[in-house]
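Proteins get letters first, then strands, A, B, ... in listed order; numbering begins at 1 in each.
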There are 2 protein chains.
Amino acid sequence: MRDVAERAGVSRMTVSRALNDPESVKEGLRKRVLSAVYELGYVHNHLARSLSSRSSKVIGLVLPSLENSIFAQTVKGVSDLLRPLGYHLMVTECGNEPKDEERVIAAFIAQRVGGLILHGTHHSPVAVRMLQGSGTPVVENGDIPADPIDMVASYSNREAARAMTLHLARLGYQQIAFAALAANPRGATRSLGYDDALAELGRPADPRLKIEVSRGFAGGAEAIAHIAAIMPEADALFCAGDVMAVGALFECDRRGWKVPGRLAIASFDDLELMRHVSPAITSLHLPRYEMGKRSAEMLLSRIEGRELPVPVLDLGFEIVQRAST
Amino acid sequence: MRDVAERAGVSRMTVSRALNDPESVKEGLRKRVLSAVYELGYVHNHLARSLSSRSSKVIGLVLPSLENSIFAQTVKGVSDLLRPLGYHLMVTECGNEPKDEERVIAAFIAQRVGGLILHGTHHSPVAVRMLQGSGTPVVENGDIPADPIDMVASYSNREAARAMTLHLARLGYQQIAFAALAANPRGATRSLGYDDALAELGRPADPRLKIEVSRGFAGGAEAIAHIAAIMPEADALFCAGDVMAVGALFECDRRGWKVPGRLAIASFDDLELMRHVSPAITSLHLPRYEMGKRSAEMLLSRIEGRELPVPVLDLGFEIVQRAST
DNA sequence: ATCCAGAAAGTTACCGGTATCAAACCTTGT
DNA sequence: ACAAGGTTTGATACCGGTAACTTTCTGGAT
């Protein structure tokens with residue numbers, strides 16, 4: 001920057017102003033500065049800028065996994081909002097271990113990001129302390145937590161699971177099985193919603209209807225195997241994981257089970273794939289894109305000093321009824 | 001940091017050393033410093049560190065899209081290597097527009113990342129100039145470019161497409177159609193490999209066999225519609241895009257076409273889904289994970305000053321023959 | 001012509017660390 | 001006991017910007 005200043009025959013401060021707030025520098029000088037910038041191929045150093053101004057135009061996004069296309073929409077929502085405003089997005093994966101999330105969060109704070117979006121809602125106490133201590137604005141958006149760190153923009157896993165279970169009951173299914181990923185916090189929350197629904201319906205909670213499976217397509221096949229072996233009376237299966245429902249459908253195909261004749265299948269996430277398999281799978285459509293966009297909005301409001309009227313935003317969900325139920 | 005130093009009764013320099021190179025500070029002082037750090041809840045400022053040391057522990061990864069699960073493996077490869085070494089990964093999406101990529105690259109350089117991994121191999125001249133001017137180590141890894149910016153770790157799209165086409169010919173298919181995404185640079189390169197193979201086989205290049213489609217499952221359906229309408233003699237379809245082959249398979253199902261009886265289908269990328277649909281789809285298995293891992297390795301070697309024996313690494317590919325061909 | 005308010009440009013100090021070199025402190029061999 | 005040589009620790013400058021304040025220009029109004 002010194003070089004640019006010398007070349008343009010002005011002070012460093014003027015260069016800084018010409019770049020960050022062009023209006024405040026007179027036409028002539030501004031032109032001299034900008035052409036010097038161009039000639040020298042100068043690239044602004046955001047590091048120094050952030051250090052000096054104590055504010056950064058980088059927003060961090062922490063996701064449980066990047067392997068999962070369900071988060072793509074959220075990323076897009078955040079990114080679409082941020083890009084035109086000159087903010088940059090930094091995405092990181094944190095797995096399901098609170099310890100890993102802690103490390104990722106520490107790294108973000110160490111870099112003094114302007115704000116943070118966390119997909120998870122279960123955080124280690126250390127992480128929470130760091131976040132609150134650092135004063136970084138935070139939005140959580142994978143669920144509606146009982147005790148938010150700062151702001152929230154999400155749907156409720158528990159409510160959504162409850163709604164889908166009631167929907168299946170309304171369609172006349174009597175023995176609704178529920179399959180979730182083992183050791184997955186969101187799966188556990190969804191399971192509560194399923195319980196809520198059964199309780200509302202006055203149905204007993206049969207442990208044979210609750211299935212824990214591994215991730216991916218394989219999980220769906222495991223769920224079907226469980227039903228075949230332990231609970232053949234089940235007439236509907238509600239899969240609380242992304243591709244699990246498709247795996248279950250494929251497995252039914254292999255076994256010659258009619259869907260929904262022998263077993264109805266419903267899915268938690270409305271991946272594009274759900275519309276394309278045959279039969280198309282009934283799904284909960286979650287506001288993934290909206291979550292990203294609103295999270296980013298809330299963050300920017302806070303960063304720019306506007307206090308928020310509603311720091312907890314419930315974006316709801318939608319049941320998409322298709323041929324599989 | 002000043003507070004920590006005062007509390008421990010040492011100089012700031014000693015604190016810095018106790019944190020970055022504990023060996024170099026004697027037991028007693030180190031303990032005093034570390035407990036002061038803990039008591040004050042001090043979080044290191046990476047911004048200042050990078051600015052001062054002119055080196056950053058952040059690696060940037062630029063992907064065309066995050067919606068696409070094929071990149072997940074690459075992310076994982078990079079991340080697995082980086083994490084234990086204390087480096088952090090920053091992932092960004094750049095679309096297929098060179099202008100967008102340019103903006104993303106500029107932002108990374110402005111933040112003085114330690115190294116950059118680019119998935120694309122078509123870059124605007126401005127981007128190349130910025131990269132070379134800034135001296136940032138770069139690995140390209142979506143293809144083997146004719147004229148690399150710096151280092152490369154990839155497979156060759158052209159070679160892979162050629163190999164699959166020859167494989168289909170070897171299986172006896174006479175009229176092999178090829179479908180690629182419209183306006184996709186990698187699609188165009190793959191198309192060249194398909195041409196190579198036909199030329200080697202001495203078969204004429206029939207323009208009716210080349211199909212341009214839109215992305216997603218829909219593209220596969222379009223390809224089948226094209227074949228039905230324009231080129232019903234085709235007996236095999238080679239899809240040069242991720243989920244396109246599955247879309248094509250579903251469409252065949254809808255039309256009652258036997259796969260591979262009426263039409264064989266082969267895919268470019270070996271998504272997990274390919275194994276689970278029925279029939280399972282023959283695919284090119286690409287070294288996605290390896291690409292990420294080796295890219296990160298190369299980057300770190302360069303960053304740590306080790307010159308590399310082979311700055312262009314061809315990681316090959318593998319044809320996985322399944323029931324669809 | 002003089003004065004003055006507001007705009008434009010410059011000065012200085014500091015953001016929070018590390019590089020570099022000098023000073024103080026130990027060992028060890030003779 | 002002392003010089004030599006290696007380790008620890010400290011002092012100072014600087015990384016590349018911006019905030020806050022000061023000075024210098026402007027262009028009317030008096």
Side-chain angles (χ1 to χ4, degrees), chain A residues 1-34 36-37 40-58 86 106-114 133-136 305, chain B residues 1-34 36-37 40-58 86 106-114 133-136 305:
Chain A
M1 188 176 214
R2 188 204 327 287
D3 298 339
V4 175
E6 273 171 18
R7 174 140 194 156
V10 299
S11 72
R12 289 189 301 155
M13 200 58 231
T14 304
V15 175
S16 174
R17 279 196 275 251
L19 263 52
N20 293 309
D21 182 16
E23 313 301 298
S24 71
V25 175
K26 266 203 185 161
E27 178 84 25
L29 276 193
R30 185 175 40 201
K31 271 194 169 162
R32 283 221 316 268
V33 170
L34 293 183
V37 164
L40 271 62
Y42 166 76
V43 184
H44 201 100
N45 187 334
H46 282 180
L47 239 53
R49 186 234 288 279
S50 302
L51 177 59
S52 176
S53 66
R54 294 140 175 262
S55 79
S56 148
K57 288 232 167 189
V58 175
F108 271 130
I109 295 180
Q111 299 196 36
R112 303 297 194 269
V113 289
S134 73
T136 312
Chain B
M1 187 176 214
R2 186 200 333 285
D3 299 339
V4 175
E6 272 170 19
R7 175 142 195 152
V10 298
S11 71
R12 288 188 302 154
M13 200 57 232
T14 304
V15 176
S16 174
R17 278 196 275 252
L19 263 54
N20 294 308
D21 183 16
E23 313 300 298
S24 71
V25 175
K26 266 203 186 161
E27 179 83 25
L29 277 192
R30 184 176 37 198
K31 271 194 170 164
R32 284 218 318 266
V33 170
L34 293 183
V37 164
L40 271 62
Y42 167 76
V43 184
H44 201 100
N45 187 333
H46 282 180
L47 239 53
R49 186 232 287 279
S50 302
L51 178 59
S52 177
S53 66
R54 293 141 175 263
S55 78
S56 149
K57 288 231 168 192
V58 175
F108 271 130
I109 295 180
Q111 299 197 33
R112 303 298 193 267
V113 289
S134 73
T136 312

> To the nearest Å, how far apart are A/K57 NZ and D/dG17 P?
Replying inline: 17 Å

> Under the side chain to side chain donor-acceptor pair (under 3.5 Å) test, which residues partner B/S134, sequence neighbours left out?
Replying inline: B/T136

> Residues in salt bridge (Lys or Arg N to Asp or Glu O under 4.0 Å) with A/E27, at least two apart?
Replying inline: A/R30, A/K31

> How close or far is atom P of C/dA8 from atom CZ of A/R32, stated in whole angstroms?
Replying inline: 16 Å

> Going 5' to 3' along nucleotides 10-16 of chain D, which nucleotides have protein heavy atoms under 4.0 Å from the base (write B), which only from the sugar-phosphate (write S), and which from neither (write -)?
Replying inline: BB-B-BB

>> For B/R112, give me all partners under salt bridge (Lys or Arg N to Asp or Glu O under 4.0 Å), at least two apart in sequence or on another chain.
In response: none

>> Taking side-chain contact (heavy atoms from CB on, under 4.5 Å) as the definition, give me every residue that meets it alongside A/L29, ordered by chain and number, with sequence neighbours left out.
In response: A/V10, A/T14, A/V25, A/R32

>> Applying salt bridge (Lys or Arg N to Asp or Glu O under 4.0 Å), can you list everything that pairs with B/K26, at least two apart in sequence or on another chain?
In response: none

> Atom NZ of B/K26 to atom P of D/dG6: distance rounded to whole Å?
Replying inline: 17 Å

